[in-house]
Amino acid sequence: MNSKVLIIGACGQIGSELTQRLRQLYGADAVIASDIRQCNDELMDSGVFEILDATDFQGIKSCVEKYNVKTVYLMAALLSATGEKFPEKAWDLNMNSLFHVLNLAKDGIIDKVFWPSSIAVFGPTTPQTYTPQHTTMEPTTVYGITKQVGERWCEYYHNKYGVDVRSIRYPGIISWKTMPGGGTTDYAVEIYHKAIKNGRYECFLSKDTELPMMFMEDAIDATVNIMQAESKNIKIRSSYNLAAISFTPSQIAKSITFHIPDFKMSYTPDFRQAIADSWPKSIDASKAREDWGWNHRYNLETMTDEMIRQLKMKYQENI
Ligand code: SER
């Protein structure tokens with residue numbers, strides 16, 4: 001049986017699009033999608049799907065053995081805002097799932113692991129502009145703590161046991177297919193939906209809160225590229241800084257008014273403001289560029305064009 005790829009957390013914002021891209025690249029039969037719940041029809045109908053709890057070691061192991069999986073993308077996680085509401089659950093899910101997958105690699109059952117980290121590994125003592133790869137990291141959210149600790153474990157498993165684990169620190173990801181859930185950067189997705197449906201949006205961050213962001217196409221390219229790179233080129237085994245664009249709520253609102261001139265934005269910051277304030281405004285991704293050729297394609301304007309175009313079609317279909 002040919003070796004397969006398993007995506008854990010395939011129904012999520014990134015997992016759903018990653019699954020489709022990997023199925024295009026490697027063939028529908030080669031990519032096993034899994035999640036704790038059922039996904040949309042497009043994903044469930046385009047290849048094999050398994051219900052899998054990311055905290056269940058035996059369940060993951062059985063699935064890996066059943067399909068001869070050699071590469072695992074572990075996309076299941078509780079994000080920053082939800083993590084603050086359920087700290088123990090965030091720790092349990094984010095850490096145990098990583099241990100399970102790293103241990104399968106350590107035992108030689110799988111060959112390769114992708115695990116996403118985040119800009120949430122940084123904290124208020126980190127330089128906020130053009131944040132370097134190696135810098136002070138004192139995250140203040142449970143999510144950020146799990147990602148920072150996870151990075152240390154990834155590097156440890158690579159150095160001690162030779163595990164081929166690869167990771168990137170995603171910024172906020174903007175996409176139109178699957179809604180994000182429970183993140184601080186989610187406003188930058190919600191805003192497009194509300195702009196098209198209601199012509200207005202009440203933002204939960206203040207208007208000048210600048211954060212690093214990226215369009216989904218670029219995020220998927222980065223994920224595929226780092227996994228396809230030769231192992232010797234992956235010199236950082238904790239997690240790579242990754243960057244595309246940075247903007248504030250008022251800048252994204254302005255980019256939307258080019259398409260929807262009457263669009264109105266109001267600002268009512270909530271507890272997520274403190275999380276956003278603790279994160280970088282922009283990121284230095286030069287190591288990812290040097291080591292595996294990272295480059296982004298979408299800027300704020302081209303991303304907004306694409307988001308509005310796709311969502312208008314999506315909402316029209318549903319009328
Ligand atoms: N998008 C994530 C969040 O806001 C950051 O990795 O939690």
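The figures here come from the full heavy-atom set of this structure, side chains too, leaving out hydrogens, waters and symmetry mates. Atoms within each ligand, like the ligands themselves, are counted from 1 in listed order.
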Single-linkage hydrophobic cluster, 4.5 Å side-chain cutoff, I109 and W153 together: yes
Distances for all N or O pairs of ligand 1 and the protein under 3.5 Å?
{"unit_1": "ligand 1", "atom_1": "1 (N)", "unit_2": "T185", "atom_2": "OG1", "d": "2.8"}
{"unit_1": "ligand 1", "atom_1": "4 (O)", "unit_2": "S80", "atom_2": "OG", "d": "3.4"}
{"unit_1": "ligand 1", "atom_1": "4 (O)", "unit_2": "T184", "atom_2": "N", "d": "2.6"}
{"unit_1": "ligand 1", "atom_1": "4 (O)", "unit_2": "T185", "atom_2": "N", "d": "3.1"}
{"unit_1": "ligand 1", "atom_1": "4 (O)", "unit_2": "T185", "atom_2": "OG1", "d": "3.4"}
{"unit_1": "ligand 1", "atom_1": "6 (O)", "unit_2": "S118", "atom_2": "OG", "d": "2.6"}
{"unit_1": "ligand 1", "atom_1": "6 (O)", "unit_2": "Y143", "atom_2": "OH", "d": "3.2"}
{"unit_1": "ligand 1", "atom_1": "7 (O)", "unit_2": "S80", "atom_2": "N", "d": "3.2"}
{"unit_1": "ligand 1", "atom_1": "7 (O)", "unit_2": "S80", "atom_2": "OG", "d": "2.6"}

Geometric class of the H193/Y315 ring pair [parallel <30°, tilted 30-60°, perpendicular >60°]: perpendicular
Side chain proximity check, E50 to K66, heavy atoms < 4.5 angstrom: yes
Stepwise side-chain contact (heavy atoms from CB on, under 4.5 Å) check, Y192 with I252: CA-CA 9 Å; Y192 290 106; I252 190 174; 3.6 Å; yes
Y240 side chain vs K235 backbone, donor-acceptor pair below 3.5 Å: yes
Residues forming a salt bridge (charged side-chain N to carboxylate O under 4.0 Å, His left out) with D186, sequence neighbours excluded: none
